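Just below is one structure, and these are the notes that go with it.
What's counted below: heavy atoms across the whole structure, side chains too, no hydrogens, waters or symmetry copies. Being a predicted model, the structure only gives us computed values, none of them experimental.
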Amino acid sequence: QVQLVESGGGLVQAGGSLRLSCAASGRTFSNYQMGWFRQAPGKERQFVAALWWSTSSTYYADSVKGRFTISRDNAKNTVYLQMNSLKAEDTAVYYCAVGRRGSYYYTGDYDYWGQGTQVTVSS
């Protein structure tokens, strides 16, 4: 049974930084992609960033490119999302997800989801 547990959310002022963590367990993820998505109130869940576990190739939404960085720690089976220069529009619940479909942009590309962590950026 795959489990994903996010942490690291909170309240931060605009321009500040947060680092989200996603601890994964239940299987070996060497052939999987890990993704971060976010969902603001009244909006659909949207892609933020993705990482291929085996190659560390990364992909980002245009809205976060240059400000957010996705990375992994093999020993801890954990994926991180470093978020810098945060803006009010980054406020959302952030979810990590894991999938093995060879694509990364859509929620349907992922099989397992964490419970989410709230990020609130005050302007």
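- Following chains of ILVMFWY side-chain contacts shorter than 4.5 Å, one cannot reach V12 starting from V93, and the two form parts of different hydrophobic clusters.
- With hydrogens and angles disregarded, a donor-acceptor distance shorter than 3.5 Å links the side chain of T78 to the backbone of K76.
- In terms of the side chain to side chain donor-acceptor pair (under 3.5 Å) criterion, residue partners of T120 (sequence neighbours excluded) are, by chain and number, Q118.
- Counting all heavy atoms, side chain and backbone alike, Y60 lies closest to K65 at O-CE, 3.7 Å.
- Side-chain atoms of L4 and M34, non-hydrogen and from C-beta on, do get closer than 4.5 Å to each other.
- Counting only heavy atoms from C-beta outward, the side chains of W36 and I70 approach each other to under 4.5 Å.
- Applying the disulfide (SG to SG under 2.5 Å) test to pairs two or more places apart or on separate chains, none has a residue in residues 50-92.
- The ring of W52 has its center closer than 6.0 angstrom to the ring center of Y59.
- In this structure D73 satisfies the salt bridge (Lys or Arg N to Asp or Glu O under 4.0 Å) test with no other residue, sequence neighbours excluded.
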Please list every donor-acceptor pair under 3.5 Å in which a side-chain atom of residues 40-49 meets a protein atom from a residue at least two apart or in another chain.
from : atom 1 : to  : atom 2 : distance (Å)
R45  : NE     : Q39 : OE1    : 3.2
R45  : NH2    : Q39 : OE1    : 3.3
Q46  : OE1    : R38 : NE     : 2.9
Q46  : OE1    : R38 : NH2    : 3.4

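- Applying the ring pair (Phe, Tyr, Trp, His ring centres under 6.0 Å) test to residues at least two apart or on different chains, none of the pairs has a partner in residues 79-99.
- For residues 28-95, no pair satisfies disulfide (SG to SG under 2.5 Å), with sequence neighbours left out.
- Members clustered with L11: none, using a 4.5 Å side-chain heavy-atom cutoff among hydrophobic residues.
- Aromatic pair F37/W113: ring centres closer than 6.0 Å.
- Under the 3.5 Å distance criterion, with hydrogens and angles disregarded, a donor-acceptor pair is assigned to the side chains of S56 and R72.
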Sequence neighbours excluded and cut-off under 3.5 Å, please list the side-chain donor-acceptor pairs for residues 17-25, or say none.
from : atom 1 : to  : atom 2 : distance (Å)
S17  : OG     : N84 : OD1    : 2.9

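- Here R67 pairs with D90 under the salt bridge (Lys or Arg N to Asp or Glu O under 4.0 Å) rule; sequence neighbours left out.
- We find the OG-CG distance between S123 and L86 to be 12.5 Å, quoted to the nearest 0.5 Å.
- Screening residues 1-26 for ring pair (Phe, Tyr, Trp, His ring centres under 6.0 Å) gives no qualifying pairs among residues at least two apart or on separate chains.
- Y104 and A50 make their closest contact through CB-CB, 3.7 Å (heavy atoms, listed as atom of the first residue, atom of the second, distance).
- The stretch residues 27-81 participates, sequence neighbours left out, in no disulfide (SG to SG under 2.5 Å) pair at all.
- At a threshold of 4.5 Å between side-chain heavy atoms, the hydrophobic network of Ile, Leu, Val, Met, Phe, Trp and Tyr places M83 and L51 in one connected group.
- Residue pairs meeting the disulfide (SG to SG under 2.5 Å) criterion with at least one partner in residues 54-92, sequence neighbours excluded, do not occur; the list is empty.
- No donor-acceptor pair under 3.5 Å is formed between the side chain of Q33 and the backbone N or O of V98.
- Note that the CG atom of L81 and the CD atom of E6 stand 11.0 Å from one another [nearest 0.5 Å].
- F29 has its side chain within reach of V2: a pair of non-hydrogen atoms, C-beta onward, lies under 4.5 Å apart.
- The shortest distance between side-chain heavy atoms of T91 and E89 does not fall below 4.5 Å.
- More than 12 non-hydrogen atoms from other residues, nucleotides or ligands lie less than 6.0 angstrom from CD of Q115.
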